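Model, not experiment: these values are computed from the prediction.
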Amino acid sequence: MLEKTTRVNYLFDFYQQLLTDKQRNYMELYYLEDYSLGEISETYDVSRQAVYDNIRRTEAMLEEYEAQLGLYERFEKRNEIIQEMKEKLSQRQLEDVETLLVQLENLE
């Protein structure tokens, strides 16, 4: 569950500008502020089911945006390469760092 929450939070960070205000508000309250479905439904005077449906549809949209654009995947890959570069630098393996740097540049 924590992995899903972390992934959705990252996807939300990358793609929130593509969402409607209502979608953005529900996602912020549910994932960032840790509101329950009931609390959100009371805040917006809608049913819990409406909130649940909206959040699930928004999650699906975020996944679709990621499938199309791949911003989170490239972010993760960049972080992996940077971590590997740090390890190689600490071991003084400079040739390997140069190779990793080329990989990093090619991600763009």
Give, for atom [atom1] of [X] and atom [atom2] of [Y], the distance between the pair rounded to the nearest 0.5 Å.
| X | Y | atom1 | atom2 | answer |
| --- | --- | --- | --- | --- |
| Glu64 | Leu69 | CD | CG | 9.5 Å |
| Arg78 | Met85 | CZ | CE | 13.0 Å |
| Asn54 | Leu37 | CG | CG | 10.5 Å |
| Tyr31 | Leu11 | OH | CG | 10.0 Å |
| Phe12 | Gln23 | CZ | CD | 10.0 Å |
| Gln16 | Thr58 | CD | OG1 | 12.5 Å |

Looking only at atom types and distance, does a side-chain atom of Tyr15 sit under 3.5 Å from a main-chain N or O of Leu71, one as donor and one as acceptor?
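A pair under 3.5 Å: yes.
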Using side-chain heavy atoms (C-beta onward) and a distance below 4.5 Å, is Asn79 in contact with Gln83?
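Asn79 vs Gln83: side chains apart.
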Would you say the side chain of Val8 lies within less than 4.5 Å of the side chain of Tyr30, judging by non-hydrogen atoms?
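Not touching, per the 4.5 Å side-chain cut-off.
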Return the set of residues passing side chain to side chain donor-acceptor pair (under 3.5 Å) with Tyr35 (not counting sequence neighbours), or none when no residue passes.
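Not a single residue meets the side chain to side chain donor-acceptor pair (under 3.5 Å) criterion with Tyr35.
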Which pairs pass salt bridge (charged side-chain N to carboxylate O under 4.0 Å, His left out) with one or both residues in residues 21-45, sequence neighbours excluded?
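Output for this query lists Asp21-Arg24.
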Yes or no on side chain to side chain contact (heavy atoms under 4.5 Å, CB included) for Val51 and Tyr44, after CA distance, side-chain angles and deciding distance?
CA-CA 9 Å; Val51 173; Tyr44 287 95; 5.9 Å; no
Return yes when atom [atom1] of [X] has more than 12 non-hydrogen atoms of other residues, nucleotides or ligands closer than 6.0 Å, and no otherwise.
| X | atom1 | result |
| --- | --- | --- |
| Tyr52 | OH | no |
| Gln91 | CD | yes |
| Arg92 | CZ | no |
| Glu73 | CD | no |

Minimum heavy-atom separation for Tyr65 to Leu18, with atom names?
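In this case the closest contact between Tyr65 and Leu18 is OH-O, 3.6 Å.
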So which heavy atom on Arg48 is nearest to which on Gly38, and how close?
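Between these two residues, the closest heavy atoms are NE-N, 3.6 Å.
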Between Glu66 and Arg7, does a salt bridge (charged side-chain N to carboxylate O under 4.0 Å, His left out) hold up when you go through it step by step?
CA-CA 11 Å; Glu66 175 60 16; Arg7 179 177 174 79; 5.1 Å; no
Among residues two or more places apart or on two chains, list those pairs meeting ring pair (Phe, Tyr, Trp, His ring centres under 6.0 Å) that have a residue in residues 66-86.
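The answer is Tyr10-Tyr72, Tyr10-Phe75, Phe14-Phe75.
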